[in-house]
Structure formats: structure tokens, C-alpha cells
Amino acid sequence: MSLLEIELPDGTKKEVESGSTSYDIAASIGEGLARQSIAARFNDELIDINRPLETSGTLSLITQKSPEALDIMRHSCAHLMAQAVKELYGDDVQVTIGPAIKDGFYYDFYSETKKFVPEDFPVIEAKMAELAKADLPVTREVIGREEAIALFRSMGEAYKVELIEDLDAETVSLYRQGDFVDLCRGPHVPRTGVHKAFKLTSLAGAYWRGDETKAMLQRVYATAFLNKKDLKAHLERLEEAKKRDHRKLGRELDLFSFSEEAGGGLVLWHPKGAMLRTIIEDFERKEHLKRGYEIVVGPQILKTDLWKMSGHYENYRENMYFTEVDELSYGIKPMNCLAHMLIYKSKPRSYRNLPVRFFELGTVHRHEKSGVLHGLLRVRGFTQDDAHIICRPDQIDSEVKGVMQFVQDVAGIFGFEYTMELSTRPEKSIGSDADWDQATNALRSSLEGSGQEYDINEGDGAFYGPKIDVKLKDALDREWQCATIQCDFTLPERFDLTYTGSDGEKHRPVMLHRVIVGSIERFIGVLIEHYAGSFPLWLSPVQAIVLNVTDNQAEYAQEVFEQLRSAGVRVELDVRNEKLGFKIREAQVGKIPYMLVIGDREVSEKTVSPRFRDGSSLDAMSVDSFVDFVKTQCSEYK
RNA sequence: GCCCACAUAGCUCAGUCGGUAGAGCGCAUCCUUGGUAAGGAUGAGGUCACCAGUUCAAAUCUGGUUGUGGGCUCCA
């Protein structure tokens, strides 16, 4: 029996016999640590706590407090769920895969006969609890590839067989708990008793291996935490998030709706929602003009031949709407770039006048698959804050930096956290290596210059160039792409865009496609959830409401209302024959920032008494002072 | 587009075994004139998403369509 030297995170070294486990080492340090440990990291590999060690190396124990613990436990909990399902429904159900994901885990099952329904959840949960209570040991074994294939084939687990057949390895690892065995890399918790707080959450369909040509599996989503308290907190968080769902708030605040008669994914903007849009659009125009953009407007439909020339017909036709008049086919625009290029081409361009930055609040229509529509966040008709910057290659860097700064400024104004991704050259792409390098480096250096952390999506760029994507989170932590910056060498080529250089020769410009908020619709959806419907004063469709205490003040209330309205304050008037408390409540539920209360006191003193929606109030002031107050706040985007 | 579920009054939802519908909020009218989150009374509102089928009889059962929700694939 040889001795191994194991180094622990604090630098101490322990000599143990070969074949000792991490658990043994933990136990030698302290009983509590051994009890708390669910796995280990050995030479940077996550392993089971009971895995015998055969070489010297560094070891750190993963306890319930370690950041990795939750994922390992959830993955194990997926096995527990699969075990419960197999025990309940036996051979009717085949297992496939079941990983840990953000906030929980899932397991995909295949069955011809068993259709999972939510009513199964308590049954499955009860079985899981029973198996957890039995505190079954979870054991790992390594067997040969062929042996494993034979094993799973004999159990009728065709998907497991397919997985192993696609593996390169000569051996595979299996995990057993009770009668349940699963192909798995691990690591797993040592005993099923670790699982104390889990809950099945939803059912969904999912394609085998994410491929829409393959079988549809039944996915059971669940969540699990290390203790019941964390689970409860998580479920409460979900409830909170539901309250700020933009679809619910959109109806409650009377901002927008959808109509079956109009068609799915087509937004009907009500007066307050349209006001909110208008405010954002005005903001966009102002901010773009400040940064050297020129506003342009293109047509809604362009001849189909033009879409053929751009490549959209070939690559994007399924998402486009077409219309035919006088035997001429037109495509309704799904993007704004074509018109912008035609505007560029309308006259000769000199290197001296580049870059040009064409900005359009461009309304586009895309026939998104019916199943993907989602409130304002995924629609079929939407307006992009779209611009195309046509520049010389040597200007890419400074232009991208300018756009990045723009994104940062806007995110700052709205108080958004966001994540960024750089997508690089895909396998299927066009353009020279030099062009790609230049463009990718420009994007990268802008990202680094911004100080933002970013992920790299290797090979996920557009076929015509690399891109930066900016994602904002919704209330349920789902990420939505908003801003994007794309470098494009192709369309200038296809449309033969040129400029005359200092050498008098024709040169090819580069085009940057970019949006800052992406689509106004999506942005508003995320905004509603971000602010939970309580918009800052400058964005609020209704900034103030005038409330009289009794009919006696109705006339003065009307005067105040008209004065505010003509001063440009977005104001409403409520002189209904209702109690003040009732009107306050309604205004508060409507999330109107300021309620201007008018009683006999205000009438005699010619003032208003503003009450903020959080319940606090300002001293009575003149109408003019209130107007000034609103203007000042708005100019500071508050 | 695919899988599963759902669709009853403006909103949130009841409606048992198949016998053509209810509540609360909202809305209208009247009473009440009340100072910072819900005063009271009365009343009006529904081809039970749509189209077929089964049945003496369908909100209820079956099929299809449209839309919605949770996912998958795809995307701003």
C-alpha cells in the first residue's frame, strides 16, 4: 500500500494511504467537516467524496457552503427524480439526460404511453422524499463501453445507448442508488439523504439533443436547494417576479394589449403606452442628433428583387411578409438596412464626408414562429432604434467605441445591469481574414476600453461579420438581447457602395449595423419589469393627477389641470364624486408619481399639495413651482 | 413550427354527473360632500374564443381553427 501526499487549500499536507477517499481525509480533520462535505475538487477535477484517491495532488472539500455545492446537489437531485419516475412508471418511461441549470434542474424522459401531467408532481415528489429518507448510498463504478451499451440495451434505455455509442471513451462511469442506475460523469452527493428541499415546477417539451428533427421528449423542471428556507425564499422570489410581469402590468396600467382579431404578436398601444413610447422615441431622436447621427426614413415595403439582391430573400424569406400589387412583388421590411444603403447610394460620396450615420426609428415586421411570441419581448411587428454607420475601414474602431459609449450612457440613464458578448467568426462566413481580424479587434478593444466584463461566443457571429450583443434581464432573470453592434463587409459589396478616397480611386466602405435599445417594444417590456411599473417622473405617461377633496374645489381643480397641461406636464384630472382616500388609492394603484390634492385650503392660497406615490408629500406650492419642479426632474432623467 | 396545458362578464375567477350561467372588483344611476390606500343602495353587462360533430339536450364530451401560458428550436 503506497502513501499519497495530499495538499489542502490552507497549504498543509497530509500523507494518506492510496485508496483513501476525500471523506476519509475530511473525517481526519473533523467530523463536522466530513458531514458537511458533499464532493471534492481534486487537482481541479470535481469528484465524489467517496472516490478512492490513487495519486498525490491537491484537494479541496466541497461543503454545503461552497459555490459548486448547489449545482452538484441539483444534478444528483435530477437522478433522484429519475429514480422516482422509474420506480413509479417503470418500463413505460425511458430516461435521457438531466442536468442542473440556473435555479434548479430538469430531467428529460421519453415515453410512448406515459403523459406527464402536473397532477403527477405530488406523487413524484412523495416518491423522491421516500427515496431521500431511505438515505441510499450513491455509488460510482467504471465499466467498459461495450459492457455499458449491453447493460442499457438490456434495460430498454435506447437513449442512453445512443449517448454511449457517441462517446469516444473506452470506459464510462455509472452511478447507482438503490435499483436505479444512470450513465453519468458525476460527481454526485454520497447519499440520497442530502436532498431535503426540492419541488417540481413545470412540464415542457424538448427535442432530443435540442434538434427539432428529433423526438420530442417530456421535460420535467424542478428546483432544489440545500435547505427548506432557501427553497421557500426562491419560491417567494418567483411570486414577486410574477407581480412585475410586463404582460400583467401592461394590462393593469392600460399601456397596451393584443387582439386575436389583429393577430398574434401585433401590439395595440393604448394612449398611456403610446405616450411612453413617444417619450422614449423623443429621447432617442435627441440623443442620436447629439451624437452626429442624421435621421432618415425609408419605406415600409421594397421590391422583392431588392431583397433578392441583399440576400434576405435567400436567407430570411420564411420570416418575411410579402405583398403583390399590379403583378409586382414587394417585401415588407424585416430590417432597415436596404433603404439606408439606397440613401447612401443616391449621390457620390467622398472619404472626407465619412462616416455617415443614418438613424431611423424603423418599424419592421418579422413572421416569428407562433410558439416564440412573448408579450412585448417577442413580437412580429416592432420598431428598432436602428442606425447604419457607413465608414472607412480605419474608422471602425472609433465608431464602435462611440456606439459602446452610447450604450453605456443609455444603460446608465435607465439604471440597467447588462451582460455583453462578443461573437466571432463562424465557420460559414465570407470576407477576408484581414477584414475579420480588423473588425473583431475593433469590437474587442472597445469592449476592453469600456471596462465591461464580456463573454466570448466563438463562431457565433453573423456570416458577414462579428458582433457585440448586449443583454438585459427581465423580472424572471431571463436575458433579452437589446443592443447589438455588427460589422458588415458584405452588403456594401452586394450593393456596390463606394466612396472616393484621397487617391481619387473608388473604395469600399464598411457598414456597422447597430441598435441601442434594440426594439422599442422589447425595451419597454423590460423597462416595465425593471421599474415594476413605477416609472421615473420623466418616463411616466401620467406624471400627476389633480384630486379635489369635495365638489366645492372642482372649478379650481379644473383651472390647475389646464394650467399644468398647457405648461407641458402630463396631467390628469379626477373630480369624480368620490372620497379623497378612494381617489388616492386609485392613483397609487395606477402608479402615478404625483397626486395634487386640492381642498379649501389650496383654493384660498392658490396652491397645490403634492403627494408622492410612496406616501410622502411635499409642502403646498404654487402651480408654477410644481411645473418648475417637474421640468427640473425630467431634464435630469429622474 | 414542435410538446404540454389553458380559453366562462372589462379584470380575477367559481360553475359537481351533459339539463343554455354565478361571485368579487370595475362600469352606470342615485344617495352621501367626505383632507391623503376602498362610504352606501340599485342596475346594466356573457352566441361560455371560433367552426364542425355526438346527443332529445353541450360552457361541460369529440375533432379542427385561432389565441394565450410554460418550454424546445429560432431571434431584437
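We use all heavy atoms of the structure for the numbers below, so side chains are in, but hydrogens, waters and symmetry mates are not. The model shown is predicted, which means the values in this text are computed figures rather than measured ones. Below, chains carry the letters A, B, ... as their sequence lines are ordered, and counting in each starts from 1.
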With a 4.0 Å cut-off on heavy atoms, is A:Val549 in touch with a base, just the backbone sugar-phosphate, or nothing at all?
base

What's A:Arg251 touching, base or sugar-phosphate or nothing? Going by heavy atoms closer than 4.0 Å.
sugar-phosphate

Classify the nucleic acid contact of A:Asp600 as base, sugar-phosphate or nothing, counting any heavy atom under 4.0 Å across all strands shown.
base

Its glycosidic angle compared against 90° from 0, B:G69 adopts the form anti

Verify the contact: side-chain N or O of A:Arg576 to OP1 or OP2 of B:C27, cut-off strictly under 4.0 Å; return yes or no.
yes

Gap between atoms NZ and P, on A:Lys102 and B:G71 respectively (whole Å)
13 Å

Decide yes or no for A:Phe626 and A:Val560: does some side-chain heavy atom of the first lie under 4.5 Å from some side-chain heavy atom of the second?
no

Holding to side chain to side chain donor-acceptor pair (under 3.5 Å), I want the full list of residues that pass it with A:Arg378, two or more places apart in sequence or in another chain.
A:Glu368

Output all residues satisfying ring pair (Phe, Tyr, Trp, His ring centres under 6.0 Å) with A:Phe105, sequence neighbours left out; order by chain, then residue number.
none

Using a 4.0 Å heavy-atom cut-off, write out nucleotides 1-8 of chain B from 5' to 3' as B (base contacted by protein), S (sugar-phosphate only) or - (no contact).
BBB-----

A:His79 meets the side chain to side chain donor-acceptor pair (under 3.5 Å) criterion, sequence neighbours left out, with A:His188

Going by heavy atoms in the side chains, are A:Arg611 and A:Leu547 under 4.5 Å from each other?
no

Can you list everything that forms a side chain to side chain donor-acceptor pair (under 3.5 Å) with A:Asp385? Sequence neighbours excluded, please.
none

Result block: side-chain N/O donor-acceptor pairs under 3.5 angstrom for residues 254-266 of chain A, not counting sequence neighbours:
residue	atom	partner	partner atom	Å
A:Ser257	OG	A:His270	NE2	3.3
A:Ser259	OG	A:Glu261	N	3.0
A:Ser259	OG	A:Ala262	N	3.2

Presence of A:Arg247 side-chain N/O under 4.0 Å of B:G69 phosphate oxygens OP1/OP2
yes

Which residues pass the side chain to side chain donor-acceptor pair (under 3.5 Å) test with A:Tyr418, not counting sequence neighbours?
none

Pairs flagged by side chain to side chain donor-acceptor pair (under 3.5 Å) wherever residues 596-605 of chain A is involved - sequence neighbours left out
A:Gln553-A:Asp600, A:Glu602-A:Ser609

On a whole-Å scale, what distance lies between the P atoms belonging to B:A59 and B:U47?
13 Å

Apply ring pair (Phe, Tyr, Trp, His ring centres under 6.0 Å) to A:Tyr207 and list each qualifying residue two or more places apart in sequence or on a separate chain.
none

Ignoring backbone atoms, establish whether A:His374 has a side-chain N or O less than 4.0 Å from OP1 or OP2 of B:G70.
yes

Just wondering, do A:Phe382 and B:A76 stack (centres under 5.5 Å, planes under 30°)?
yes

With rounding to the closest Å, how many angstrom separate the C1' atoms on B:A76 and B:G39?
50 Å

For RNA chain B, consecutive-pair runs of 3 or more (Watson-Crick or G-U wobble, both H-bond-type distances under 3.5 Å) give B:1-7 with B:66-72, B:10-13 with B:22-25, B:27-31 with B:39-43, B:49-53 with B:61-65

Whole-Å distance between B:C74 C1' and A:Leu373 CG?
12 Å

Quick check on contacts: within residues 607-615 of chain A, what sits under 4.0 Å from RNA chain B by heavy-atom distance?
A:Arg611

Answer with base, sugar-phosphate or nothing: what part of the nucleic acid does A:Glu318 contact at a heavy-atom distance below 4.0 Å?
nothing

Of A:Phe283, A:Phe416, A:Phe382, A:Trp480, the one forming a ring-ring contact (aromatic ring centres under 6.0 Å, His included) with A:Phe523 is A:Phe416

List for me each residue that meets ring pair (Phe, Tyr, Trp, His ring centres under 6.0 Å) alongside A:Phe358, sequence neighbours excluded, and say none if there are none.
none

